[in-house]
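The figures here come from the full heavy-atom set of this structure, side chains too, leaving out hydrogens, waters and symmetry mates.
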Amino acid sequence: MTTKEKILDAALTLFSERGYDPVSVRDIAAAVGIKESSLYNHFKNKQDIFDTIVTAYTDRWAAIFQGLSLTDSDRQFVVDERMVNMYRDMTPEQFSVIGGLIFDAYMTDDVNVKFRRLLTLEQYRSPALAALFRRVSFDDSIGFQAQLFKALMAAGCFVEKDPYILALEFFSPIFLLFYKFGSEPESVQAAKALFLRHIAHFNETYGVKRGAGQ
């Protein structure tokens with residue numbers, strides 16, 4: 001790990017434990033084991049460190065979703081023919097594997113866990129971070145899933161329902177599990193088992209054909 005990476009790692013840990021304001025550059029430097037003056041060789045100030053952490057977090061999730069073929073070449077969620085066909089042809093077992101990988105990234109990846117805690121704290125300090133918290137935690141996922149459900153209904157894979165309400169029904173138990181068990185590392189596997197039962201039940205309840213989301 002480079003010194004710059006160590007600075008980001010230490011800063012994220014401190015921010016996730018205390019919030020942004022109570023942490024000083026001196027605190028971060030001490031956690032890394034370097035002089036405060038040395039830190040400025042890598043970052044202009046504390047805000048620069050924080051902004052880099054935010055960018056790295058969004059890039060991290062973009063890479064995860066692209067690796068699972070859930071986004072296009074521009075790393076955007078797009079409900080197109082490729083996406084519909086992928087979900088339509090996916091078996092429940094394949095869908096559970098993808099769902100499990102996303103669950104693990106959200107609940108067990110150290111960077112993602114710390115950043116979620118950081119956003120949870122900082123949403124009350126910064127309107128911009130409150131908006132980011134809503135977007136990455138709720139709006140992007142629900143909006144994309146609603147579009148996908150609508151397309152899958154049109155393809156005859158789902159019962160006809162209000163796609164946005166269906167997306168809320170899909171995600172609400174997931175968010176409950178994330179926040180119920182997020183502070184209990186020892187309960188992650190139990191939470192994952194409930195998560196997989198939920199998505200299987202959802203597919204069985206609303207799907208009209210065998211496949212993902214079905």
Side-chain angles (χ1 to χ4, degrees), residues 1-21 23 25 27-29 31-32 34 38-80 82-83 86-87 95 97-148 167 171 174-175 178-179 182 185 188 192 195:
M1 187 181 290
T2 66
T3 299
K4 185 172 184 177
E5 290 170 337
K6 290 178 181 177
I7 292 169
L8 292 173
D9 182 65
L12 177 58
T13 297
L14 292 171
F15 291 153
S16 70
E17 293 172 349
R18 306 182 196 172
Y20 178 82
D21 285 340
V23 176
V25 171
D27 293 331
I28 298 170
V32 177
I34 61 175
S38 299
L39 185 146
Y40 291 108
N41 293 327
H42 303 277
F43 297 97
K44 293 182 292 185
N45 48 39
K46 186 172 74 167
Q47 186 64 50
D48 187 26
I49 296 172
F50 186 85
D51 292 343
T52 303
I53 289 172
V54 172
T55 299
Y57 174 81
T58 54
D59 287 346
R60 192 181 190 88
W61 272 109
I64 290 171
F65 288 135
Q66 191 168 46
L68 294 173
S69 298
L70 300 179
T71 53
D72 63 14
S73 58
D74 294 326
R75 292 186 168 185
Q76 300 296 312
F77 286 104
V78 177
V79 179
D80 54 13
R82 179 197 69 84
M83 181 66 68
M86 184 181 78
Y87 273 83
F95 185 67
V97 168
I98 289 179
L101 290 172
I102 294 174
F103 179 93
D104 288 341
Y106 195 82
M107 290 291 283
T108 66
D109 180 271
D110 191 52
V111 172
N112 291 333
V113 169
K114 288 178 180 177
F115 191 82
R116 185 172 73 252
R117 291 175 182 164
L118 166 61
L119 280 186
T120 301
L121 291 172
E122 291 302 302
Q123 66 175 313
Y124 303 107
R125 178 187 69 86
S126 165
L129 290 179
L132 177 62
F133 177 76
R134 288 193 301 271
R135 181 175 67 78
V136 301
S137 298
F138 307 106
D139 295 343
D140 284 356
S141 297
I142 294 172
F144 167 72
Q145 199 68 46
Q147 293 180 52
L148 181 60
F171 275 106
I174 294 173
F175 293 140
F178 285 162
Y179 285 95
V188 167
K192 185 175 182 179
F195 168 81

Which pairs would a plain distance check flag for residues 2-11, meaning a side-chain donor or acceptor within less than 3.5 Å of a matching protein atom at least two apart in sequence or in another chain?
residue	atom	partner	partner atom	Å
Thr2	OG1	Glu5	N	3.2
Thr2	OG1	Glu5	OE1	3.4
Glu5	OE1	Thr2	N	2.9

Going by the angle between their ring planes, with limits at 30° and 60°, are [X] and [Y] parallel, tilted or perpendicular?
X: Tyr20; Y: Phe50; value: perpendicular
X: Tyr106; Y: Trp61; value: tilted
X: Phe115; Y: Tyr57; value: parallel

>> Keeping Ser141 on the side-chain end and Phe138 on the backbone end, is there a donor-acceptor pair under 3.5 Å?
In response: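 No, the answer is negative, given that no donor and acceptor are paired below the 3.5 Å cut-off.
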>> Can a donor-acceptor pair be found, under 3.5 Å and without considering hydrogens, that links the side chain of Asn112 to the backbone of Ala105?
In response: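 Judged by distance alone, yes, a pair lies under 3.5 Å.
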Least distance between heavy atoms, [X] atom then [Y] atom:
X: Arg125; Y: Pro127; value: O-CD, 3.9 Å
X: Lys46; Y: Val23; value: NZ-O, 2.6 Å
X: Ala130; Y: Gln123; value: CB-O, 3.3 Å
X: Ser137; Y: Tyr179; value: OG-OH, 4.0 Å

>> Are there over 12 heavy-atom neighbours, none belonging to Tyr124, within less than 6.0 Å of that residue's OH?
In response: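 Result for OH/Tyr124: open.
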A side-chain contact here means heavy atoms from C-beta on lying under 4.5 Å apart; do [X] and [Y] qualify?
X: Leu119; Y: Leu129; value: yes
X: Gln145; Y: Ile142; value: no
X: Phe65; Y: Ile102; value: yes
X: Val32; Y: Leu39; value: no

>> Would Phe15 and Ile28 count as a side chain to side chain contact (heavy atoms under 4.5 Å, CB included) here? Give the steps.
In response: CA-CA 10 Å; Phe15 291 153; Ile28 298 170; 4.1 Å; yes
Could you state the interatomic distance from [atom1] ([X]) to [atom2] ([Y]), rounded to the nearest 0.5 Å?
X: Asp48; Y: Thr52; atom1: CG; atom2: OG1; value: 4.5 Å
X: Asp59; Y: Gln66; atom1: CG; atom2: CD; value: 11.0 Å
X: Ile53; Y: Lys114; atom1: CD1; atom2: NZ; value: 10.0 Å
X: Ile98; Y: Tyr87; atom1: CD1; atom2: OH; value: 6.5 Å
X: Leu121; Y: Arg18; atom1: CG; atom2: CZ; value: 12.5 Å

> Run the side chain to side chain contact (heavy atoms under 4.5 Å, CB included) check on Ile174 and Phe103 step by step: do they pass?
Replying inline: CA-CA 9 Å; Ile174 294 173; Phe103 179 93; over 6 Å; no
>> Set out, in order, the CA-CA distance, both residues' side-chain angles and the distance that settles side chain to side chain contact (heavy atoms under 4.5 Å, CB included) for Val25 and Tyr40, then state yes or no.
In response: CA-CA 9 Å; Val25 171; Tyr40 291 108; 3.6 Å; yes
